[in-house]
Number of protein chains: 2
Amino acid sequence: MTTPKYELAGATNETCPTRHLLSRLDGKWKILILYHLLNGEHRPGQLERLIEGVTRQVLTQQLKELEGDGLVEKAIFAEMPPRVEYRLSAFGQRLEPILDQLYDVGRYYVRHVRPRPDFTDADCRKLVG
Amino acid sequence: MTTPKYELAGATNETCPTRHLLSRLDGKWKILILYHLLNGEHRPGQLERLIEGVTRQVLTQQLKELEGDGLVEKAIFAEMPPRVEYRLSAFGQRLEPILDQLYDVGRYYVRHVRPRPDFTDADCRKLVG
DNA sequence: CGGTATCCAATCTGATACTG
DNA sequence: CAGTATCAGATTGGATACCG
């Protein structure tokens with residue numbers, strides 16, 4: 001520890017932007033929700049069918065949290081029957097490069113650091129073409 | 001949703017590299033620990049003093065988890081009295097760009113998306129000079 | 001179809017005291 | 001100085017049933 005790169009003198013755990021942002025992504029299904037919304041807007045029923053294992057209650061709750069935190073926007077169309085759609089907010093779209101980087105490093109991790117054969121290329125895969 | 005960018009067909013929540021990696025950072029003090037170790041190796045007592053609010057028990061536990069997950073390495077020097085040091089592993093060092101990006105976007109978030117005046121520039125600040 | 005209420009089990013973290 | 005054991009409180013997410 002010669003020349004410190006990070007000034008952490010007043011760093012309390014409660015006022016750390018990194019932790020604060022990560023806490024907004026904390027939730028068992030939020031990452032997967034965001035990946036789906038990166039593909040475009042979705043209706044709740046779609047997400048419930050696409051995300052294997054999630055219950056409606058928790059899906060609703062996590063969407064509401066994402067909306068309240070300004071990562072996701074909800075649109076209600078006054079049709080008959082009414083229609084609901086969720087999409088990424090402008091800020092939510094700013095998360096894409098981070099999610100991509102997390103995915104790349106995460107894949108490296110499960111391959112070379114703590115190998116897990118059950119992780120395949122099909123998992124949360126980003127289309128390259 | 002015209003041309004999907006992410007192939008999520010087989011995406012179960014359990015085999016998502018992003019979530020897997022993030023789960024390794026999950027822990028109330030791990031981010032702050034990593035920031036400190038980005039500055040160089042530290043002894044447990046140092047970290048306990050630097051990280052305001054952490055108890056020795058939880059600090060020990062989170063360091064052990066970080067070590068078991070391959071993000072941090074522990075060195076025990078057979079001196080008298082014995083000395084313990086923690087430092088980032090090679091993979092842990094690969095997290096630096098992600099932590100930087102998370103910090104930048106997080107700071108934007110607390111400033112412009114969900115403003116929080118209690119977050120100041122002093123928090124987890126990266127030295128620019 | 002979309003959202004909610006209630007109950008419950010698992011997990012995480014803080015407090016405290018103890019070991020080497 | 002470094003690490004551990006035990007207990008209690010809070011939070012999280014799952015199961016189920018119900019409302020508009």
Side-chain angles (χ1 to χ4, degrees), chain A residues 1 12-16 19-20 22-34 36-37 41-69 71-87, chain B residues 1 11-16 18-20 22-34 36-37 41-69 71-87:
Chain A
M1 175 155 101
T12 68
N13 194 41
E14 281 66 33
T15 53
C16 171
R19 257 190 61 79
H20 189 71
L22 283 179
S23 73
R24 266 50 192 173
L25 307 180
D26 205 11
K28 187 164 179 181
W29 310 94
K30 287 186 183 172
I31 296 293
L32 218 41
I33 292 173
L34 292 177
H36 280 288
L37 295 187
E41 75 282 355
H42 281 76
R43 302 186 57 181
Q46 284 183 297
L47 292 173
E48 192 178 349
R49 265 172 276 117
L50 288 168
I51 300 177
E52 197 171 349
V54 74
T55 62
R56 194 183 330 169
Q57 191 211 28
V58 178
L59 177 63
T60 302
Q61 173 196 323
Q62 309 228 331
L63 282 169
K64 183 184 293 184
E65 288 178 11
L66 288 170
E67 186 198 3
D69 291 335
L71 276 64
V72 158
E73 290 169 354
K74 177 181 187 174
I76 307 182
F77 299 92
E79 307 170 354
M80 189 56 66
R83 184 164 50 100
V84 176
E85 278 184 8
Y86 288 94
R87 72 190 63 200
Chain B
M1 176 157 99
T12 69
N13 194 40
E14 281 66 33
T15 52
C16 169
T18 301
R19 258 188 60 79
H20 189 71
L22 283 179
S23 73
R24 267 48 192 172
L25 306 180
D26 205 11
K28 187 164 179 181
W29 311 95
K30 288 185 183 173
I31 295 292
L32 219 41
I33 293 173
L34 293 177
H36 280 288
L37 295 187
E41 74 281 355
H42 280 76
R43 303 187 56 182
Q46 285 184 296
L47 293 174
E48 191 178 350
R49 266 172 275 117
L50 289 169
I51 300 177
E52 196 171 349
V54 75
T55 62
R56 192 182 330 169
Q57 190 212 27
V58 178
L59 177 64
T60 302
Q61 173 195 323
Q62 308 226 333
L63 282 169
K64 184 183 292 184
E65 287 176 12
L66 287 170
E67 187 198 2
D69 290 336
L71 276 64
V72 158
E73 289 169 354
K74 179 179 186 175
I76 308 179
F77 299 92
E79 307 170 356
M80 189 54 68
R83 183 164 52 99
V84 176
E85 277 182 6
Y86 290 93
R87 73 190 63 201

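All of these numbers come straight from a predicted model, not from anything done at the bench. Every chain is numbered from 1 and lettered A, B, ... according to where its sequence line falls, protein lines coming before strand lines.
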Under the side chain to side chain donor-acceptor pair (under 3.5 Å) test, which residues partner A/Asp26, sequence neighbours left out?
-> none

Report the distance from atom CE of A/Met80 to atom P of C/dG2, rounded to the nearest whole Å.
-> 15 Å

Measuring from A/His36:NE2 to A/Leu50:CG, what's the distance to the nearest 0.5 Å?
-> 5.0 Å

Nucleotide range of DNA chain D contacted by chain A, 5' to 3', under 4.0 Å to a heavy atom?
-> D/dG13 to D/dA15

dist A/Leu25:CG -> A/Leu34:CG (nearest 0.5 Å) comes out at 6.5 Å

NA contact type, B/Pro44, heavy-atom cut-off 4.0 Å: base, sugar-phosphate, or nothing?
-> sugar-phosphate

With sequence neighbours left out, the residues meeting side chain to side chain contact (heavy atoms under 4.5 Å, CB included) with A/Arg87 are A/Glu41, A/Glu73, A/Phe77, A/Glu85

Below 4.5 Å, heavy atoms only, C-beta onward: do B/Lys30 and B/Leu66 meet side chain to side chain?
-> yes

Mind calculating the distance between CZ (A/Arg43) and C1' (C/dG2) to the nearest angstrom?
-> 9 Å

Bending between helix ends of the helix from C/dC1-D/dG20 to C/dG20-D/dC1 [5 pairs per end, 10° resolution] = 40°

Can you give one letter per nucleotide of nucleotides 12-20 of chain C, going 5' to 3': B for a protein heavy atom under 4.0 Å from the base, S for sugar-phosphate only, - for none?
-> -SBB-----

Side chain to side chain donor-acceptor pair (under 3.5 Å) partners of B/Thr15, counting only residues at least two apart | A/Asp123, B/Thr12

More than 12 heavy atoms from other groups under 6.0 Å of CD on A/Glu52 | no

Verify, without hydrogens or angle tests, whether B/Asn13 (side chain) and A/Lys28 (backbone) share a donor-acceptor contact under 3.5 angstrom.
-> yes

Find out whether A/Leu59 and A/Trp29 are in side-chain contact, i.e. whether some heavy atom of one side chain is under 4.5 Å from a heavy atom of the other.
-> no

Could you tell me the separation between the CG atom of A/Leu59 and the C1' atom of C/dG2, rounded to a whole number of Å?
-> 10 Å

So A/Leu32 and A/Val54, side-chain contact (heavy atoms from CB on, under 4.5 Å) or not? Walk me through it.
-> CA-CA 11 Å; A/Leu32 218 41; A/Val54 74; over 6 Å; no

